[in-house]
Amino acid sequence: LTFKDVPIFCKEHPSYCRSFFCLTCNELLCAYCVVGGHRDHNIADSLEEASLKIREIFASLSADMDENIADLETYISESKSLEERSGENFDKVRERIESIASDIITEVNHQKEVLIDQLTAKHQT
């Protein structure tokens, strides 16, 4: 992702920059969105407040990752046990682990890009 790839303009109001951060929805907004659909939401008063919220989101993602890692370790342990009992099931379990790990990595990368985009857009304002 490069600086020029960061979406700074509002999708609903393309002539307006997204310069506000909605703490309720965790998304960047333009001024029209703030007074429109987000009027009753909690809007960040400062870059520091938005940054704090983003850090909280990352902490939550980190906790989710820890949980996912524990799940993967369980799957790996189970797959080893299955391998000892039956060579036929090993390939299926391995594919399932690979699939789950791939899904987790994809989701984390997506969340990372969203948060980086939001932080970069907010920093530009």
Side-chain angles (χ1 to χ4, degrees):
L1 186 67
T2 64
F3 180 74
K4 65 181 178 181
D5 295 327
V6 176
I8 61 170
F9 291 100
C10 180
K11 291 178 184 174
E12 292 185 37
H13 311 102
S15 58
Y16 292 92
C17 289
R18 299 183 310 158
S19 56
F20 298 91
F21 187 77
C22 178
L23 297 169
T24 305
C25 300
N26 295 326
E27 66 178 302
L28 289 167
L29 309 170
C30 76
Y32 277 99
C33 288
V34 169
V35 297
H38 297 262
R39 112 187 73 193
D40 296 326
H41 292 187
N42 188 9
I43 306 299
D45 292 327
S46 66
L47 182 59
E48 291 78 20
E49 186 178 2
S51 176
L52 178 62
K53 181 60 177 178
I54 289 170
R55 285 186 185 139
E56 290 172 3
I57 292 169
F58 269 120
S60 174
L61 287 173
S62 178
D64 290 345
M65 286 263 312
D66 290 343
E67 188 176 315
N68 289 333
I69 288 169
D71 288 345
L72 282 173
E73 288 171 347
T74 299
Y75 290 130
I76 289 169
S77 175
E78 290 174 359
S79 73
K80 287 180 182 179
S81 176
L82 287 172
E83 180 182 23
E84 291 171 4
R85 288 185 270 145
S86 173
E88 292 176 10
N89 288 332
F90 176 76
D91 290 336
K92 291 178 184 177
V93 172
R94 181 181 177 101
E95 289 172 8
R96 179 71 177 134
I97 291 170
E98 293 284 345
S99 175
I100 291 169
S102 178
D103 291 347
I104 291 169
I105 290 167
T106 299
E107 180 59 25
V108 168
N109 284 332
H110 171 73
Q111 290 294 326
K112 177 187 81 170
E113 292 300 326
V114 167
L115 292 170
I116 287 172
D117 288 352
Q118 291 174 349
L119 181 61
T120 302
K122 184 66 177 174
H123 179 68
Q124 292 173 350
T125 60

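With hydrogens and angles ignored, the 3.5 Å screen pairs no side-chain donor or acceptor of S99 with any backbone N or O of E95. Checked by atom type and distance alone, the side chain of K122 never pairs as donor or acceptor with a backbone atom of L28 at under 3.5 Å. In this structure, T120 contributes its side chain and I116 its backbone to a donor-acceptor pair below 3.5 Å.
Note on I57: it does not cluster hydrophobically with L52, by side-chain heavy-atom contacts below 4.5 Å among ILVMFWY residues. Hydrophobic cluster membership differs between F20 and Y16, with clusters built from Ile, Leu, Val, Met, Phe, Trp and Tyr side chains linked at under 4.5 angstrom.
Distance CG/N42 to CG/N26: 10.5 Å, rounded to 0.5 Å. Atom CD1 of I43 and atom CG of L23 lie 7.0 Å apart (nearest 0.5 Å).
Between Q118 and F21, some side-chain heavy-atom pair lies under the 4.5 Å cut-off. Side chains of H38 and T24 form no contact here, defined as non-hydrogen atoms less than 4.5 Å apart. Contact annotation: the side chain of I97 never approaches that of I100 to less than 4.5 Å [non-hydrogen atoms, C-beta and beyond]. Counting heavy atoms from C-beta on, the side chains of V108 and M65 come closer than 4.5 Å. Annotation: side chain of R18 is not in contact with side chain of F9 (no heavy-atom distance under 4.5 Å). In this structure the side chain of R94 never reaches within 4.5 angstrom of the side chain of S79, judged on heavy atoms. Proximity of L72 to I104: side-chain heavy atoms (C-beta onward) are separated by under 4.5 Å at one or more points. Side-chain contact between C17 and C10 is absent, with no heavy-atom pair separated by less than 4.5 Å.
Heavy-atom neighbours of Y32 OH from other residues, nucleotides or ligands within 6.0 Å: at or below the threshold of 12. Counting non-hydrogen atoms of other residues, nucleotides and ligands closer than 6.0 Å to CD of E56 gives a total above 12.
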